[in-house]
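Residue numbers start at 1 and run along the sequence shown. Counting starts at 1 for both ligands and their atoms, in listed order.
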Amino acid sequence: MEFQGKVAIVTGGAQGIGRATALALAREGAAVVIADRDEAATTALVAGINAWGGRALAVIADVSDEADAARIANETVLAFGGIDLLVNNAGIQQPGTIESTTLQLWQEIINVNLTGVFLVSRFVMPELRRRGGGAIVNVASVYGLRAEAGWAAYSASKGGVIALTRAMALDGAADGIRVNCVCPGLIDTSLLRANATLINAQRPDEALRAFARRTPLGRLGTPEEVAGVILCLLSPIAGYVTGAVITADGGIEARL
Ligand code: NAI
């Protein structure tokens, strides 16, 4: 029970990578706050964790809303007395070239993927400092490191998350707050399946198989495989790691 006594917040924790992370943290003894805008999925997951003896709280919130971001921190402190760990995972994805992306879509993607990380961290970092330190993991993407045609706003938002991670790591260092970033590749979640449907509406499974062939490991990643990297970075095992950008991408980033 590596995280016994710790209090963790996972944004976008109702499904996919965030859900796998929240479940792994709860299994390892942490009290987990799942902050997500999907009310039905969030309350069902929290009820499930509490039913098997874990400690979980649902906060229905939009990370891109300042009042909601403040509420995530406040409700966590009210329920569990403080905050030790934060996983900024909530994210959305929509394709678009620099010309086909409307200003509205650009702002929506930047607001959730980048401003959401800023806002939630802004309210959580004072609480980590009050506990004498803590750890944050931001979930970016390989699209923040390398580009692909047709993903302008998403790539920019994730590149911003990588840069923000480094800035947060430096700002938090004196207070014992470590901040790192995970860049997933092609992970089998509803987000990737929606992407596959856009590419091949008739046969999304064929698009998913094509994604898998693009990775050196020859398969999609699982949400649990990304959660494992996140937990490692949150844990004292990674006590000397801060400001790092770690890929979990089946080798995509290694290839020329
Ligand atoms: P997903 O779509 O399965 O889950 C995302 C969760 O975030 C959902 O529960 C959704 O309700 C929540 N969410 C979305 N916008 C929100 C908001 N404004 N406020 C609160 N909650 C919100 O997605 P997945 O695949 O688990 O993605 C998680 C993170 O990993 C995202 O940041 C995504 O960009 C990133 N990622 C995913 C990859 C993949 O292949 N699945 C690859 C690279 C990065």
(request) Look at atom 33 (C) of ligand 1 and say which protein heavy atom is nearest, naming residue and atom and giving the distance to 0.1 Å. (result) Tyr154 OH, 3.6 Å

(request) Taking atom CD of Gln4 as the centre, report whether more than 12 heavy atoms of other residues, nucleotides or ligands fall under 6.0 Å from it. (result) yes

(message) Test your reading of the model: is there a side-chain donor-acceptor pair from Asn138 to the backbone of Cys181, 3.5 Å cut-off?
(response) no

(message) Among all the protein's non-hydrogen atoms, which is closest to atom 24 (P) of ligand 1, and how far away is it?
(response) Thr189 OG1, 3.6 Å

(message) With respect to Ser64, determine whether any N or O atom, backbone or side chain, lies less than 3.5 Å from an N or O atom of ligand 1.
(response) no

(message) Taking 4.0 angstrom as the limit and counting only heavy atoms of Leu186, give me the atoms of ligand 1 inside it, by number and element.
(response) 40 (O)

(request) Mark yes or no for whether Thr247, through its side chain, and Asp249, through its backbone, hold a donor-acceptor pair below 3.5 Å. (result) no

(message) How far is atom 40 (O) of ligand 1 from the closest protein heavy atom, and which atom is that?
(response) Ile187 N, 2.8 Å

(request) Please confirm whether the backbone N or O of Leu233 pairs with a side-chain atom of Arg178, one donor and one acceptor, at under 3.5 Å? (result) yes

(request) Using atom types as modelled and distance alone, determine if a side-chain donor or acceptor of Asp84 lies under 3.5 Å from a backbone N or O of Gly134. (result) no

(request) Closest by any non-hydrogen atom to atom 35 (C) of ligand 1: pick that one out of Ala140, Gly16, Ala227. (result) Ala140

(message) Using a 3.5 Å distance criterion without hydrogens, assess whether the side chain of Arg71 forms a donor-acceptor pair with backbone atoms of Val59.
(response) no

(request) Using a 4.5 Å cut-off on heavy atoms from C-beta on, say whether the side chain of Leu25 contacts that of Leu231. (result) yes

(request) Using a 4.0 Å heavy-atom cut-off, say whether Cys183 meets ligand 1 through its side chain, its backbone, both or neither. (result) neither

(message) Looking only at protein heavy atoms, which one is nearest to atom 17 (C) of ligand 1, and what is the separation?
(response) Arg37 CD, 3.6 Å

(message) Whether the side chain of Asp36 engages the backbone of Thr42 through a donor-acceptor N/O pair (distance < 3.5 Å, no angle test) should be reported.
(response) no

(request) Keeping the roles fixed (side chain from Asp188, backbone from Leu220), state whether a donor-acceptor pair exists under 3.5 Å. (result) no

(request) Please confirm whether Asp36 comes under 4.0 Å of ligand 1, counting heavy atoms of the residue only. (result) yes

(request) Say whether Ala194 and ligand 1 are in contact under the criterion: heavy-atom distance to a ligand atom below 4.0 Å. (result) no

(request) If you have a sec, work out which protein heavy atom is nearest atom 1 (P) of ligand 1 and how many Å separate them, to one decimal? (result) Gln15 NE2, 3.5 Å

(request) Specify the protein heavy atom at minimum distance from atom 37 (C) of ligand 1: its residue, its atom name, and the distance to 0.1 Å. (result) Ile17 CD1, 3.9 Å

(request) For Ala61, counting its heavy atoms only, list the atoms of ligand 1 lying under 4.0 Å from any of them. (result) 19 (N), 20 (C)

(request) Would you check the N or O atoms of Pro184, main chain and side chain alike, for any that come under 3.5 Å of an N or O of ligand 1? (result) no

(message) So if I count the atoms of ligand 1 from 1 in the order they appear, which ones are less than 4.0 Å from some heavy atom of Ile92?
(response) 14 (C), 15 (N)

(message) Counting non-hydrogen protein atoms only, what is the nearest one to atom 23 (O) of ligand 1? Give residue, atom name and distance.
(response) Leu191 CB, 3.5 Å

(request) Using distance alone, determine whether Asp38 and ligand 1 share an N or O pair under 3.5 Å. (result) no

(message) Determine whether a donor-acceptor pair (N or O, by modelled atom type, separation under 3.5 Å) exists between the side chain of Thr101 and the backbone of Ile98.
(response) no

(request) Go through ligand 1 atom by atom and flag the ones less than 4.0 Å from a non-hydrogen atom of Val112. (result) 15 (N), 18 (N)

(request) Look only at interatomic distance and state if Lys158 has a nitrogen or oxygen under 3.5 Å from any nitrogen or oxygen of ligand 1. (result) yes

(request) Begin from the C-alpha positions of Leu208 and Arg193 and carry the test side chain to side chain contact (heavy atoms under 4.5 Å, CB included) through to its verdict. (result) CA-CA 7 Å; Leu208 285 175; Arg193 284 175 180 264; 3.6 Å; yes

(request) Please confirm whether Gly185 comes within less than 3.5 Å of ligand 1 when only nitrogen or oxygen atoms on both sides are compared. (result) yes

(request) Within a distance under 4.0 Å of any heavy atom of Gly91, pick out the atoms of ligand 1 and give their elements. (result) 14 (C), 31 (C), 32 (O)

(request) Tell me, please: is Gly116 in heavy-atom contact with ligand 1, that is, under 4.0 Å? (result) no

(request) Among Asn113, Asn89, Val226, Val161, find the residue that satisfies the side-chain contact (heavy atoms from CB on, under 4.5 Å) test when tested with Val139. (result) Asn89

(message) Suppose I only count heavy atoms of Ser190 and a 4.0 Å limit; which atoms of ligand 1 are within that range?
(response) 1 (P), 2 (O), 3 (O)

(message) Heavy-atom pairs closer than 4.0 Å: do any link ligand 1 to the side chain of Asp188, the backbone, both, or neither?
(response) neither

(message) Does Glu148, at its CD atom, have more than 12 non-hydrogen atoms belonging to other residues, nucleotides or ligands within less than 6.0 Å?
(response) yes

(request) Could you tell me whether a side-chain N or O of Glu28 sits under 3.5 Å from a main-chain N or O of Glu2, the two making a donor and an acceptor? (result) yes

(request) Of the side chain and backbone of Asp62, name the one, both, or neither that has a heavy atom under 4.0 Å from an atom of ligand 1. (result) both

(request) Among all protein heavy atoms, pick the one closest to atom 30 (O) of ligand 1 and tell me residue, atom and distance. (result) Val139 CG1, 3.4 Å

(request) Ignoring hydrogens and angles, tell me if any N or O in the side chain of Thr115 forms a donor-acceptor pair with the backbone of Val112 under 3.5 Å. (result) no

